[in-house]
K.L.:
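Take a look at this one; I'll ask things after.
Along the sequence shown, residues carry numbers from 1.
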Amino acid sequence: MNSIMKKNYIERLSGNIRLLNSIEFEQFGHKILQSMIPQKLNHKGQNLTGAPIGYTVDSYTDNLEIIGEYSVDNGYFGGKFEKPLNDVQHALKTSNYLKQIHLFSNQYSPPKGAISIREQISELIKIKGLKVEVVVYDAVDICNYILDSMIMLDTINELLNYLPDLRSILSEYNITNMIPLLENTYMKRKEEETVKRKMEIYPLVYIHGISGIGKSSLLISIAHQLKKEFDITIWINASNGLTEDSLSSYYMEKAGFKQNILSLVSKWKTLLIIDGLEAQQAKIVDQVKSACKTGSKIMISSQVDEPTLDSDYRLKLDFLDESLSMEILNHELSERCPDKIKEIILAGVNGHPLLLSIINRMIKHGVAVWDAIAEDASMLISYPDDNGQAFCSRLLETHLKTIDLELSTLRWLKGQYFSESLLISMIGNQGIHKLKVRNLLNTSNLNAIKIHDIVYQSIIFLAKEKFGTFNFLEKLTSFFEKNARVKDHHYFKALHIHKELLQILYYENPSNFILLYAVLHHAGIEQLNELIPIIGIESLLNHTYSYKKHDYFRILSYIESSESFYRLTKRIDEDQAKVYLKEMIEVLEQLSGIPLLALDIKMEVIHHLGKCEVFSKNDGKALLHFNNVIKSIPDAYHSKLQMVRLLRRNNVDLAKRFLEEIFEAFQQDPRLININTVLSAFNELKEKEFSELAEKYLYATELFEQSILISSFHNFDHPFNVLTRIGKEIGYRDPRRLVKILEKIPIPSEQTEEPHLLFYAGQLYKELGRCYKHIPDQEDNMWAAFQQSRAYFQLFTTTNQYELTKIAELYILMNQQEEALNQLKKVEIMERGCFWYYDFAKIQYEFKQYRESIISLEKALSMVSEKEERYRSTFLFLKGKSSREMGESTESKIFFEEALKFCNNDKFKGEIEYEMNFGFHK
């Protein structure tokens with residue numbers, strides 16, 4: 001770690017340590033000491049008031065050979081050193097087997113103090129004739145230990161609770177350690193020195209060259225050589241969605257969090273590497289170059305040149321010379337390339353590093369011989385300008401027999417990115433291994449596998465008849481058939497990664513209802529109008545029909561399409577939606593009575609019949625249906641979730657039990673339960689009846705993070721929807737925790753094809769900004785988050801009351817009251833609900849229209865539904881503040897007391913009590 005940066009980190013962390021009280025520092029010190037020693041360390045514990053138990057040592061091993069003592073005494077390193085000497089005496093009296101004493105202080109020790117204290121302790125030990133090692137740590141020593149060990153510390157996440165600045169330090173440190181490892185086949189090339197010389201002179205080096213020519217490997221090698229000269233080294237894989245708009249909040253995929261790249265390169269001496277920049281080159285180069293300050297440097301690779309850049313900044317990477325080519329070709333081979341074959345291969349491959357590496361791997365793993373490789377190369381000497389593409393194609397064609405299934409599958413799946421779980425189901429783990437040992441796979445991230453560009457082009461280039469004909473469609477439909485029954489996160493990832501392929505396959509196979517069911521997850525109202533008649537559900541409703549197994553997905557497709565059509569229609573025309581709902585109930589009732597209907601599909605029909613009764617507000621009928629499902633299928637968690645919502649008021653104990661079963665099933669094995677059910681279950685924890693379960697499953701564990709992270713990928717909206725709702729609860733209670741979650745998930749792109757994802761992204765950035773607002777020294781991040789939220793909202797068009805109210809909320813947070821008012825005015829008068837009037841009251845309050853604010857709040861309170869009852873205290877709180885500003889102390893107190901009566905959040909209760917008791921004295 002750079003010494004200047006380490007000094008900065010020590011200053012920040014030691015400041016955090018100095019602020020710890022005696023209880024916190026003892027807990028913190030115990031965790032630090034436990035990480036230093038292999039033996040189990042015992043902590044003396046606390047009494048009923050939370051204070052440390054006195055008259056015993058703070059930490060000790062079972063055999064009492066090691067003891068730890070912790071102090072926040074201000075004079076620890078001053079005067080006659082009474083506190084540390086007393087701690088040593090105390091430890092010596094406690095154990096006759098003592099070998100080590102560790103003394104921790106949260107104070108700073110001046111150099112002379114450190115020397116003096118060690119001398120006096122040594123003298124004391126010597127007088128007693130003992131052989132005991134005593135180690136003293138001041139705040140700086142503790143910081144040095146953490147910084148030197150943090151990537152090895154198992155307790156690092158626990159230390160975040162004591163050291164607020166450690167999170168950002170860890171993020172910055174981790175970025176530097178996210179540089180990819182250099183392949184052991186890489187050989188240093190002469191261009192390295194050219195690039196390093198340019199880096200000394202210019203702020204930026206732009207390396208361009210064909211696919212597979214070694215640009216990434218060159219950058220990796222140079223980055224590892226130069227990183228010690230910089231405070232931070234940042235590696236960005238541009239193919240993961242880098243745009244000029246994302247540089248201020250870019251998801252560092254390997255590290256698992258977001259960073260403001262532009263801020264880092266301007267704040268620290270940064271080595272920024274952008275690998276594979278194939279779009280918006282000029283704009284991105286200009287943006288990062290302008291932000292670079294304090295000695296920051298940039299290296300960029302791309303397949304295309306950028307002529308707008310100064311020629312001094314640019315370097316074309318060419319083919320390798322003969323010497324280096326042969327080093328790669330013969331790397332770790334017992335049977336080196338014969339001289340007579342060498343010239344043929346070099347003439348055919350033309351010094352292409354990736355192709356040389358592929359040949360090397362094939363020879364090494366015994367899947368090719370030199371003569372065969374030479375034969376392939378000799379046929380292609382007449383193609384000197386194809387950049388190795390023809391040879392790669394020839395190589396794959398010749399060796400198709402050994403990897404025919406694997407390459408044929410990749411070609412059939414159409415694309416460079418593949419769901420890892422789907423690919424494993426089609427070619428097996430052995431197939432994945434065969435591709436990897438041949439160096440044909442490029443990266444694996446977020447359960448998506450990517451193949452090298454040149455390999456992908458070769459697979460496409462080869463004639464279709466060159467590939468084998470395997471039962472691809474059968475394997476793919478088998479995957480979706482098997483996983484549709486539970487719908488874990490692997491199912492949804494495959495569904496979204498291969499969205500376009502599934503559409504193509506369905507229209508080629510319109511009678512395949514497994515494909516239709518998969519396609520329906522993405523269908524809009526127009527496509528549903530087209531697909532519902534194709535399902536032909538009427539053919540199953542005549543009295544002569546008996547259930548056949550192949551109709552399982554036909555029935556599921558009807559259910560999925562009909563419910564989606566109902567929800568989408570309801571947004572446009574509620575009356576038409578009611579008519580359609582009535583028809584759907586009739587159809588489902590008939591389906592449930594089909595002779596010989598298999599139990600699992602029958603219960604699925606009855607489950608959705610229950611949902612339709614919920615939509616119709618017939619809760620009694622709905623309960624009967626869901627109860628019927630649960631009796632027949634005990635692990636029908638989706639029905640239990642529906643029961644939770646219906647039983648919350650009149651049988652809360654049963655509702656709690658069902659919720660617990662959902663969370664316990666997910667905790668046991670995420671593959672056992674539909675991820676949508678889990679996400680929706682977390683959403684229920686907002687209700688006051690489930691506050692105990694919220695403590696157990698939402699706040700005391702990281703189950704919520706797990707459910708969000710495994711399900712968060714582009715165009716799957718449910719995790720983003722749930723996060724915007726439940727995230728607000730987490731952010732209010734622990735803003736740092738929500739920041740951590742949001743840093744780890746891939747926020748939808750501003751170029752997304754799904755408009756509603758723009759709204760969710762705007763919501764998430766709004767909540768991120770709200771969190772930063774409550775974290776010290778995060779004002780810049782707060783405004784950056786709010787501005788990004790606004791950018792998403794400005795791309796989103798809506799007339800929905802809820803969505804416009806949430807957008808207005810952003811402008812209120814940004815103190816742009818006029819724009820907030822403009823958003824609220826877009827809502828039709830008849831559509832305005834309690835939250836509309838609450839936001840309107842907040843604007844009036846900011847404009848000091850306190851009487852008008854109270855009138856709006858009274859309107860909001862009169863409209864609160866049973867479902868919205870939990871927000872009554874929030875409305876009353878603002879009413880109390882408005883009344884107080886008018887000088888009405890008695891009325892204000894009444895409103896605050898009423899708000900307390902309806903409040904079930906301890907933190908918010910504290911805010912209300914503070915405003916009620918001290919607000920007049922502000």
K.L.:
Does S853 reach the main-chain N or O of Q849 with its side chain, forming a donor-acceptor pair under 3.5 Å?
P.N.:
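No, S853 side chain to Q849 backbone: no donor-acceptor pair under 3.5 Å.
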K.L.:
Regarding E586 and K582, does a basic nitrogen lie under 4.0 Å from an acidic carboxylate oxygen?
P.N.:
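Between K582 and E586 there is no salt bridge, as every charged N stays at least 4.0 Å from the carboxylate O atoms.
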K.L.:
Can any side-chain N or O of E868 pair as donor or acceptor with the backbone N or O of S865 at less than 3.5 Å?
P.N.:
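Indeed, once roles are kept as given, a pair shorter than 3.5 Å links the two residues.
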K.L.:
Are there more than 12 heavy atoms of other residues, nucleotides or ligands under 6.0 Å from atom NZ of K548?
P.N.:
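Counting other residues, nucleotides and ligands, NZ of K548 exceeds 12 neighbours.
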K.L.:
Whether the side chain of S862 engages the backbone of K859 through a donor-acceptor N/O pair (distance < 3.5 Å, no angle test) should be reported.
P.N.:
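Checked: pair present.
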K.L.:
Closer than 3.5 angstrom, by distance alone: can the side chain of H607 be matched with the main-chain N or O of V629 as a donor-acceptor pair?
P.N.:
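The answer is no, because no donor-acceptor pair under 3.5 Å joins these two groups.
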K.L.:
Salt bridge (Lys or Arg N to Asp or Glu O under 4.0 Å): which pairs involve residues 757-768, sequence neighbours left out?
P.N.:
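Sorted result for residues 757-768: K766-E809, E767-R770.
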K.L.:
Looking at CG of L679 and CG of N721, how far apart are the two atoms once the value is rounded to the nearest 0.5 Å?
P.N.:
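If we round to the nearest 0.5 Å, L679:CG and N721:CG are 9.5 Å apart.
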K.L.:
Can you name the residues that form a side chain to side chain contact (heavy atoms under 4.5 Å, CB included) with R567, not counting sequence neighbours?
P.N.:
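Once residues adjacent in sequence are excluded, the partners of R567 under the side chain to side chain contact (heavy atoms under 4.5 Å, CB included) criterion are E563, S564.
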K.L.:
With sequence neighbours excluded, what pairs up with N800 under the side chain to side chain contact (heavy atoms under 4.5 Å, CB included) test?
P.N.:
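Residues passing side chain to side chain contact (heavy atoms under 4.5 Å, CB included) with N800: T798, Y802, E803.
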K.L.:
Between E898 and R872, is the closest basic N to carboxylate O distance under 4.0 Å?
P.N.:
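No, this pair does not count.
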K.L.:
Please identify each residue that fulfils ring pair (Phe, Tyr, Trp, His ring centres under 6.0 Å) with Y491, with sequence neighbours left out.
P.N.:
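Result, ring pair (Phe, Tyr, Trp, His ring centres under 6.0 Å) vs Y491: F480, H521.
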K.L.:
How close do L597 and I601 get, heavy atom to heavy atom, and via which atoms?
P.N.:
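In this case the closest contact between L597 and I601 is CD1-CG2, 3.5 Å.
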K.L.:
Looking only at non-hydrogen atoms, find the nearest pair between T724 and L764 and report the distance.
P.N.:
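Minimum heavy-atom separation between T724 and L764: CG2-CD2, 3.7 Å.
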K.L.:
What's the shortest heavy-atom distance between A523 and L568, and which atoms?
P.N.:
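So the minimum-distance heavy-atom pair works out to O-CD1, 4.4 Å.
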K.L.:
Report yes or no: does N651 contribute a side-chain atom to a donor-acceptor pair with the main-chain N or O of L647 at less than 3.5 Å?
P.N.:
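No.
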K.L.:
Would you say F704 and L685 make side-chain contact, with heavy atoms under 4.5 Å?
P.N.:
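Of all side-chain heavy-atom pairs linking L685 with F704, none is under 4.5 Å.
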K.L.:
Give every donor-acceptor pair under 3.5 Å between a side-chain atom in residues 616-624 and any protein atom, sequence neighbours left out.
P.N.:
| unit_1 | atom_1 | unit_2 | atom_2 | d |
| --- | --- | --- | --- | --- |
| S616 | OG | C612 | O | 3.1 |
| N618 | ND2 | E613 | OE1 | 3.0 |

K.L.:
Between Y792 and F759, is the ring centre distance below 6.0 Å?
P.N.:
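No; F759 has its ring centre 6.0 Å or more from that of Y792.
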K.L.:
Which residues satisfy the ring pair (Phe, Tyr, Trp, His ring centres under 6.0 Å) test with F902, sequence neighbours excluded?
P.N.:
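With sequence neighbours excluded, F902 shows a ring pair (Phe, Tyr, Trp, His ring centres under 6.0 Å) to no residue whatsoever.
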K.L.:
State whether the side chain of R832 and the backbone N or O of V827 hold a donor-acceptor pair below 3.5 Å, judged by distance alone.
P.N.:
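Side chain of R832 to backbone of V827: a pair is present.
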K.L.:
Drop me the distance from L476's CG to E481's CD, to the nearest 0.5 angstrom.
P.N.:
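Reported value, rounded in 0.5 Å steps: 11.5 Å.
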K.L.:
Taking the side chain as every heavy atom from C-beta outward, state whether F847 and E818 have any atom pair closer than 4.5 Å.
P.N.:
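Contact flag for F847/E818 side chains = yes.
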K.L.:
I'd like to check L540 versus Y547 (side-chain heavy atoms, cut-off strictly below 4.5 Å). Are they in contact?
P.N.:
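No - every pair of side-chain heavy atoms lies 4.5 Å or more apart.
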K.L.:
Check whether any side-chain heavy atom of S711 lies under 4.5 Å from a side-chain heavy atom of H718, and answer yes or no.
P.N.:
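S711 does not reach H718 side chain to side chain.
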K.L.:
How would you list, by chain and number, every residue that makes a side chain to side chain contact (heavy atoms under 4.5 Å, CB included) with Q590, sequence neighbours excluded?
P.N.:
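Per chain and number, Q590 pairs via side chain to side chain contact (heavy atoms under 4.5 Å, CB included) with L541.
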K.L.:
Between the side chain of W836 and the main-chain N/O of T805, is any donor-acceptor distance below 3.5 Å?
P.N.:
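No; judged by distance alone, with no hydrogens or angles, the pair does not exist.
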K.L.:
R648 and salt bridge (Lys or Arg N to Asp or Glu O under 4.0 Å): which single residue from E866, E869, E687, E684 fits?
P.N.:
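Result: among E866, E869, E687, E684, E687 is the only option passing the salt bridge (Lys or Arg N to Asp or Glu O under 4.0 Å) with R648.
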K.L.:
Roughly how far apart are N905 CG and R870 CZ, rounded to 0.5 Å?
P.N.:
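Reported to 0.5 Å precision, the distance equals 9.0 Å.
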K.L.:
For I606 versus S592, what's the shortest heavy-atom pair and its separation?
P.N.:
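Minimum heavy-atom contact is CG1-CB, 4.2 Å.
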K.L.:
Measuring only between side-chain heavy atoms, which start at C-beta, is K414 closer than 4.5 Å to H498?
P.N.:
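The answer is no; the side chains never approach within 4.5 Å.
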K.L.:
May I ask you to test the F895-L878 pair for a side-chain heavy-atom distance under 4.5 Å?
P.N.:
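Contact flag for F895/L878 side chains = no.
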K.L.:
Evaluate L495 against F492 for side chain to side chain contact (heavy atoms under 4.5 Å, CB included), listing each step before the verdict.
P.N.:
CA-CA 5 Å; L495 201 67; F492 285 106; 4.1 Å; yes
K.L.:
Table please: side-chain donor-acceptor pairs of residues 510-520 below 3.5 Å, with sequence neighbours left out.
P.N.:
| unit_1 | atom_1 | unit_2 | atom_2 | d |
| --- | --- | --- | --- | --- |
| N512 | OD1 | I514 | N | 3.1 |
| N512 | OD1 | L515 | N | 3.1 |
| Y517 | OH | K487 | NZ | 2.5 |

K.L.:
Applying ring-ring contact (aromatic ring centres under 6.0 Å, His included) as the test, list every pair that has at least one member in residues 571-606; sequence neighbours left out.
P.N.:
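Applying ring-ring contact (aromatic ring centres under 6.0 Å, His included) to every pair that reaches into residues 571-606, excluding sequence neighbours, yields F565-Y580.
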K.L.:
Would a 4.5 Å heavy-atom cut-off, applied to side chains only, mark I497 and L422 as touching?
P.N.:
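Sidechains of L422 and I497: no contact.
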K.L.:
Do F877 and F908 have ring centres separated by under 6.0 Å?
P.N.:
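Yes, close enough.
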K.L.:
Can you find a pair of side-chain heavy atoms, one from R790 and one from Q816, that are under 4.5 Å apart?
P.N.:
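A side-chain contact under 4.5 Å exists here.
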K.L.:
For Y765 and F786, what are the C-alpha separation, side-chain angles and deciding distance, and is it a ring pair (Phe, Tyr, Trp, His ring centres under 6.0 Å)?
P.N.:
CA-CA 6 Å; Y765 273 108; F786 283 155; over 10 Å; no
K.L.:
State which residues pass side chain to side chain contact (heavy atoms under 4.5 Å, CB included) with V486; sequence neighbours excluded, sorted by chain then number.
P.N.:
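Residues passing side chain to side chain contact (heavy atoms under 4.5 Å, CB included) with V486: none at all.
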K.L.:
Within a reach of under 6.0 Å around NZ of K686, are more than 12 heavy atoms found that belong to other residues, nucleotides or ligands?
P.N.:
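More than 12 heavy atoms, drawn from other residues, nucleotides or ligands, come within 6.0 Å of this atom.
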K.L.:
Mind checking the OG-CD1 spacing from S680 to I726? Nearest 0.5 Å is all I need.
P.N.:
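Separation between the atoms: 11.0 Å.
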K.L.:
How many angstroms lie between atom CD of E846 and atom CG of L821, to the nearest 0.5 angstrom?
P.N.:
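One finds 13.0 Å between CD of E846 and CG of L821.
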K.L.:
Could you report the tightest heavy-atom contact between S707 and V678, atom names first, then the distance?
P.N.:
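Closest heavy-atom pair between S707 and V678: CB-CG1, 4.1 Å.
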K.L.:
Any donor-acceptor pair under 3.5 Å linking the side chain of S562 with the backbone of I559?
P.N.:
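Not at all, since once roles are kept as given, no pair shorter than 3.5 Å links the two residues.
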K.L.:
Under a 4.0 Å threshold between the charged nitrogen and the carboxylate oxygen, would E689 count as salt-bridged to K656?
P.N.:
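E689 and K656: not salt-bridged.
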K.L.:
Counting the benzene-type ring for Trp, do Y871 and Y838 have ring centres under 6.0 Å apart?
P.N.:
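No.
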K.L.:
Between CG of D839 and OH of Y811, what distance do you get to the nearest 0.5 Å?
P.N.:
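Those atoms lie 13.5 Å apart.
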K.L.:
Report all side-chain donor-acceptor pairs from residues 527-537 shorter than 3.5 Å, counting only partners two or more places apart or in another chain.
P.N.:
| unit_1 | atom_1 | unit_2 | atom_2 | d |
| --- | --- | --- | --- | --- |
| Q527 | NE2 | Q503 | OE1 | 3.1 |
| Q527 | NE2 | Y507 | OH | 3.2 |
| E530 | OE2 | Y507 | OH | 3.3 |

K.L.:
Provide the closest heavy-atom pair for K640 versus P634 in the form atom of the first, atom of the second, distance.
P.N.:
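Between these two residues, the closest heavy atoms are NZ-O, 2.6 Å.
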K.L.:
Please confirm whether the ring centroid of F682 lies under 6.0 Å from the ring centroid of F663.
P.N.:
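Ring centroids of F682 and F663 are less than 6.0 Å from each other.
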K.L.:
For residues 587-607, which residue pairs pass the salt bridge (Lys or Arg N to Asp or Glu O under 4.0 Å) check, not counting sequence neighbours?
P.N.:
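Found R485-D600.
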K.L.:
Stepwise, does the side chain to side chain donor-acceptor pair (under 3.5 Å) test hold for Y545 with D551?
P.N.:
CA-CA 11 Å; Y545 173 79; D551 284 325; 2.4 Å; yes
